[in-house]
Amino acid sequence: MLRVLCGTVSTVTYRYKTVQHQLPRASRSSVCSKMPSCWLIREDGTHAPLLLHHLKTLVLGRGPETKIKDQKCSREQVELRADCNKGYVTVKQLGVNPSSVDSVTVGKGNQVTVRPGQRLHMVNQLYAYTVKFSEDTIAPKASKHRSEINQRSKRPLSEVEEDTAEPAPPHKDPAPPHKDPALHQNATVNSASPPKKAAPTSDKPQPAGHWSQGLKVSMQDPKMQVYKDERVVVIRDKYPKARYHWLVLPWQSVSSLKVLQAEHRDLLQHMQHVGEQMIQKCPDAARLKFRLGYHAIPSMSHIHLHVISQDFDSPCLKNKKHWNSFTTDYFINSEDVIRMLETEGRVSVREGTEELLKQPLRCHICHREQNTIPQLKQHLTTHLHTPTH
DNA sequence: GTTCTAGAAC
DNA sequence: GTTCTAGAAC
């Protein structure tokens, strides 16, 4: 975990000096120390965790550090100050639009604290951050990683990454596009055009513009793409049901599990591999469990592999159908789908699968039944630090 | 897939 | 009274 964090640390500009200049001697040469440190972690992974130094003030807002381009967010939106001994970060709202902690507005000029487990939204309930304190020693390998990251940051930015680009209009999407560098040597993010699509495998056609065709639109939108290669594209789920929720879609038109044949095996294997790489690049990978799989009877056309963290900590998770679609056998593991293709040449969905969506709410970790969605969500917070893997 | 909202549940 | 669900509409 820490190796990952350390490996992706960004140098951020403090109000007066850069971090590098402010670091104590031990930390200046390397971040590998036993000094308590605090990390500000962007939940959707849009940028690397930022190091908050003990009792040093850091002002953040719209800018390259956060990659926030939303005009509603001030360039100096919040002032942060970590107290590593006491284990909290004070947040002062400087901007005019609301910053919030756990959905409670801070208010301009006001100051509140944010602790691990709480969520800071930079502005308008968007751009979620959490804080993490640590005293752990960071692996020496990290310094190499950091230099790699620094090198990477010197590369020319792709079109949508340029800070000079038009600011994105304010949107309700809780997970703005991720502009991570390419995951693979031959793969690019937001650059190459997709190859021409193969002919649709087969499915009942829905009129274009119907809601069920939405993924086909999203996957072609460069702003939605977080990864792409010659065979697949990854987008962030528009309504994520957990802190991390990506969809891996093939360029090739495959309507659903129903049309899969043995010849699709390699494609599905690649989709899973790309999903696993997304997890590997996730700053929270070490402390979160993930699952990769398909909904047995998806609502949206165009086959899509869900890559979803098992915290299910998301305001978009609202009802029993949402919950059961990810925590019952309605969710079929990617490897099971691939195995079925190998052994049977097709993917069979058991009769009565749809009924699984109506099952009572049951915690996916301890299996205790919960009466309502709010109760379930409250219950899930008790597992926030439960080791799940 | 989501949003909206009537009415059930509390 | 409020909270929450579930079905219709999109």
Side-chain angles (χ1 to χ4, degrees), chain A residues 44 102-104 124-126 128 169-177 200 203-221 223-226 232-250 253-259 271 275 291-309 312-332 334 337 347 349 352-364 368-381:
Chain A
D44 59 22
D102 284 349
S103 301
V104 178
N124 290 337
Q125 297 291 331
L126 295 168
H171 54 77
K172 289 183 178 177
D173 189 342
D203 204 11
K204 292 169 194 167
Q206 284 282 357
H210 187 266
W211 58 262
S212 66
Q213 306 301 302
L215 287 180
K216 294 177 185 172
V217 178
S218 296
M219 66 183 276
Q220 301 289 345
D221 180 355
K223 290 196 285 294
M224 301 290 284
Q225 298 164 350
V226 292
V232 302
V233 60
V234 182
I235 60 174
R236 217 182 302 283
D237 194 296
K238 195 173 176 185
Y239 299 93
K241 304 301 185 292
R243 291 181 185 177
Y244 299 93
H245 188 180
W246 297 288
L247 304 178
V248 185
L249 306 104
S253 180
V254 180
S255 59
S256 72
L257 293 180
K258 285 186 289 185
V259 305
M271 288 167 69
R291 283 185 74 191
L292 299 92
Y294 299 85
H295 280 155
I297 309 164
S299 303
M300 306 295 281
S301 188
H302 202 101
I303 197 165
H304 50 284
L305 171 68
H306 291 271
V307 181
I308 182 166
S309 57
F312 295 112
D313 176 18
S314 167
C316 298
L317 196 153
K318 292 177 178 174
N319 58 47
K320 184 178 270 188
K321 185 177 174 179
H322 292 156
W323 179 254
N324 284 334
S325 72
F326 287 102
T327 59
T328 68
D329 288 344
Y330 194 91
F331 190 85
I332 311 175
S334 172
V337 168
V347 178
V349 171
T353 298
E354 201 150 13
E355 296 306 305
L356 296 175
L357 296 178
K358 296 172 186 167
Q359 281 189 344
L361 300 168
R362 201 171 281 282
C363 173
H364 65 313
R368 288 199 190 104
E369 196 170 316
Q370 304 295 322
N371 289 328
T372 64
I373 287 288
Q375 270 178 36
L376 171 67
K377 291 195 166 205
Q378 179 61 39
H379 172 81
L380 290 179
T381 64

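Throughout, a chain's letter reflects where its sequence line sits, starting with A, and its residues are numbered from 1.
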*Test ring-ring contact (aromatic ring centres under 6.0 Å, His included) applied to A:H245 and A:H304, A:H322, A:H306, the passing residue*: A:H306

*Side chains of A:Y330 and A:N324: does their closest heavy-atom pair fall under 4.5 Å?*
no

_Applying a 4.0 Å non-hydrogen cut-off, can you work out what A:K358 is touching in the nucleic acid: base, sugar-phosphate, or nothing?_
nothing

_So A:L380 and A:Q370, do their side chains get closer than 4.5 Å, heavy atoms only?_
no

*At under 4.0 Å between heavy atoms, what does A:T372 touch on the DNA or RNA strands: base, sugar-phosphate, or nothing?*
sugar-phosphate

*If you look at every strand shown and take non-hydrogen atoms under 4.0 Å, does A:L215 touch a base, only sugar-phosphate, or nothing?*
nothing

_Short side-chain to backbone donor-acceptor contact, A:K241 and A:S325, under 3.5 Å_ = no

*How are the rings of A:F326 and A:F331 set relative to one another: parallel (under 30°), tilted (30 to 60°) or perpendicular (over 60°)?*
tilted

*Using a 4.0 Å heavy-atom cut-off across all strands, classify A:K321 as base, sugar-phosphate, or nothing.*
nothing

*Report the residue from A:V248, A:V234, A:V307 that forms a side-chain contact (heavy atoms from CB on, under 4.5 Å) with A:M271.*
A:V248

_What range of DNA chain B does chain A touch, first nucleotide to last, counting atoms under 4.0 Å from its heavy atoms?_
B:dG1 to B:dT3

